[in-house]
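What follows is a short report on a single structure.
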There are 2 protein chains.
Amino acid sequence: MSVEPQQTGRRRVGRTTEGRRLLRRTLTVAAIDLFLESGYEQTTVDDIAAAAGVGRRTFFRYFRSKEDAIFPSHDEVLRDIERLFAEADDRQNPIEVACAGVTLVLDSYLSDPDVSVKRYTLTHTVAPLRDREVASVDRYQRVLARYLRARFETDGQPLADLRASVAAAAVAAAHNHVLRRWLRSGGTEDAHAMARKAFQLVVDAFSTEQPRRETGDDETVVAVLRSSASLAEVVQQISASLRPAGGHPQ
Amino acid sequence: MSVEPQQTGRRRVGRTTEGRRLLRRTLTVAAIDLFLESGYEQTTVDDIAAAAGVGRRTFFRYFRSKEDAIFPSHDEVLRDIERLFAEADDRQNPIEVACAGVTLVLDSYLSDPDVSVKRYTLTHTVAPLRDREVASVDRYQRVLARYLRARFETDGQPLADLRASVAAAAVAAAHNHVLRRWLRSGGTEDAHAMARKAFQLVVDAFSTEQPRRETGDDETVVAVLRSSASLAEVVQQISASLRPAGGHPQ
DNA sequence: ATTGCTAATGGCACGGAGTGCCGTTAGCAT
DNA sequence: ATGCTAACGGCACTCCGTGCCATTAGCAAT
């Protein structure tokens, strides 16, 4: 309807990488606002393109579909995660590395609270957009699972594949939980603080190999015992497990 | 192109619930076969409808979209899961109940190995179909999370919401892992046996409250102890935990 | 058997998504 | 000033998904 007379977008803004980013964001903001005020189905791609001052055809050069318009470019974040995993220290707890990876996703949302919050109301309301979001989460989860599987296999973990899938899902779910809470708070709460707690829960649940030695004060030992074993055997095994500093019974 | 001269589908098969099921399945099989031999994009809805001997318009009365054509009706399974949760014994381990719920999904795949395996090659290959699959998994996961959250809250668990989301994701991931393995084996392996093992891993990871008492032969006790506690305290607590046969505290 | 009701069906037409194609033009180098 | 390159916009096309409506099978009542 209302066409800005002197829209900068008329120029070949996409010529440079800088310009592409700019126009992409303009389109995203336009799409989000239109979806929010007129509804997702009622808004056509023409509307979005017009609001951004570009042609319909150009829209599809920036987004593969109408749904994609409101999402950030996950590919970049995915590359960052891959790089972090590639450079990660192999002596670090694999799950904590995975948490660090998914934190990059969290940061990408935190970097633009306004857009993120608005997008949330949309993904929370419009089914196609929610599905799209879920699909992208799944892509992250696959990357996590792949890294974890490799780590678990070299660590000689039994059922490495299963453990990796489950742990990746848990890490992703923890991230999603934190993100949701943060979004529902309107972007005001301390997401990283929540993330630390949430990740700790996941790490505790899946780090069967050794108890955390780095937290100085009060260590924890998890022992798995058969109740049919004699009490003497149990005591012997427990005390043996407690004594050595690094040797874990397996 | 080739129109069956005496296609039963010409009749109002959809009149009865029985008939609807039949035609729905006919359409699904037709879609799967066409997608496999001609490719997903190349196959039009007209092709599917024609192969099933019905009109294009009728196709959309059975499936909301072209992508949906190859999937079973998840709504029924979702209802079954909801019912199972509603009738579940509140003294059962919540996570085991969740596993039982997701086993219904597994069973729905197992009930038709041929279609399930073919569908897998499609969801594994075609991005839109994979996204669709992921979206339906997410719906299951939400139902699991809702149940677990309610259980955890009544159990007075701290961080019930987070725990529920993470545990639900883990259960779903375990299920997906088993399903994938079974599908990759062409539907030959013992899915339920794999599922038991996979679920056990998840239960072990998240059941901090009490060990399982129902598995008859050789029970397992997981004890979480502070290494700073005295050995006497540890022994006392262990023996106290081992003695009662069925009476677990909560 | 005839009649009337109900609901599944299929054809038609329409809007909108996504794509291939191509002429146009801005930005840049020579 | 000229030529090259690539983003842009418009056009046309296919196909998806849906509203509308006439048709007809199946069933019930008379």
Check: Are A/R21 and A/E76 close enough for a salt bridge, meaning some N to O gap below 4.0 Å?
Finding: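 Yes.
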Check: Just to confirm, is there a sub-4.0 Å distance from OP1 or OP2 of C/dG10 to any side-chain nitrogen or oxygen of B/T58?
Finding: yes
Notebook entry, point to check: Distance check: side-chain N/O of B/Y62 vs OP1/OP2 of C/dT9, anything under 4.0 Å?
Noted result: yes
Margin query: Run the side-chain contact (heavy atoms from CB on, under 4.5 Å) test against B/A195 and tell me which residues pass, sequence neighbours left out.
Written below: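 Expected list: B/L106, B/V178, B/F199.
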Item checked: Residues in side-chain contact (heavy atoms from CB on, under 4.5 Å) contact with B/P113, at least two apart in sequence or another chain ->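 With sequence neighbours excluded, B/P113 shows a side-chain contact (heavy atoms from CB on, under 4.5 Å) to B/W182, given in chain and number order.
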Margin query: Test: ring-ring contact (aromatic ring centres under 6.0 Å, His included). Region: residues 93-147 of chain A. Which pairs qualify, not counting sequence neighbours?
Written below: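 Qualifying pairs, neighbours excluded: A/H74-A/Y140, A/F85-A/Y147, A/Y120-A/H124.
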Whole Å only: how far is the [atom1] atom of [X] from the [atom2] atom of [N]?
{"X": "B/R21", "N": "C/dA8", "atom1": "CZ", "atom2": "P", "value": "16 Å"}
{"X": "B/R20", "N": "D/dG26", "atom1": "CZ", "atom2": "C1'", "value": "16 Å"}
{"X": "B/L23", "N": "D/dG26", "atom1": "CG", "atom2": "C1'", "value": "16 Å"}

Next item on the list: Work out how much the helix from C/dA1-D/dT30 to C/dT30-D/dA1 bends between its end axes, five pairs an end, to the nearest 10 degrees.
Entry: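 Rounded value for the end-axis angle: 10°.
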Go through the structure and list residues passing side chain to side chain donor-acceptor pair (under 3.5 Å) with [X], not counting sequence neighbours.
{"X": "A/S165", "result": "B/R180"}
{"X": "B/R56", "result": "none"}
{"X": "B/R57", "result": "none"}

Checklist line | salt bridge (Lys or Arg N to Asp or Glu O under 4.0 Å): pairs with one or both residues in residues 181-193 of chain B, sequence neighbours excluded | finding: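 Output for this query lists B/R181-B/E189.
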Checklist line | Base-contact (B) and sugar-phosphate-only (S) positions in nucleotides 15-21 of chain C, heavy-atom cut-off under 4.0 Å, - elsewhere | finding: -SBBBBB
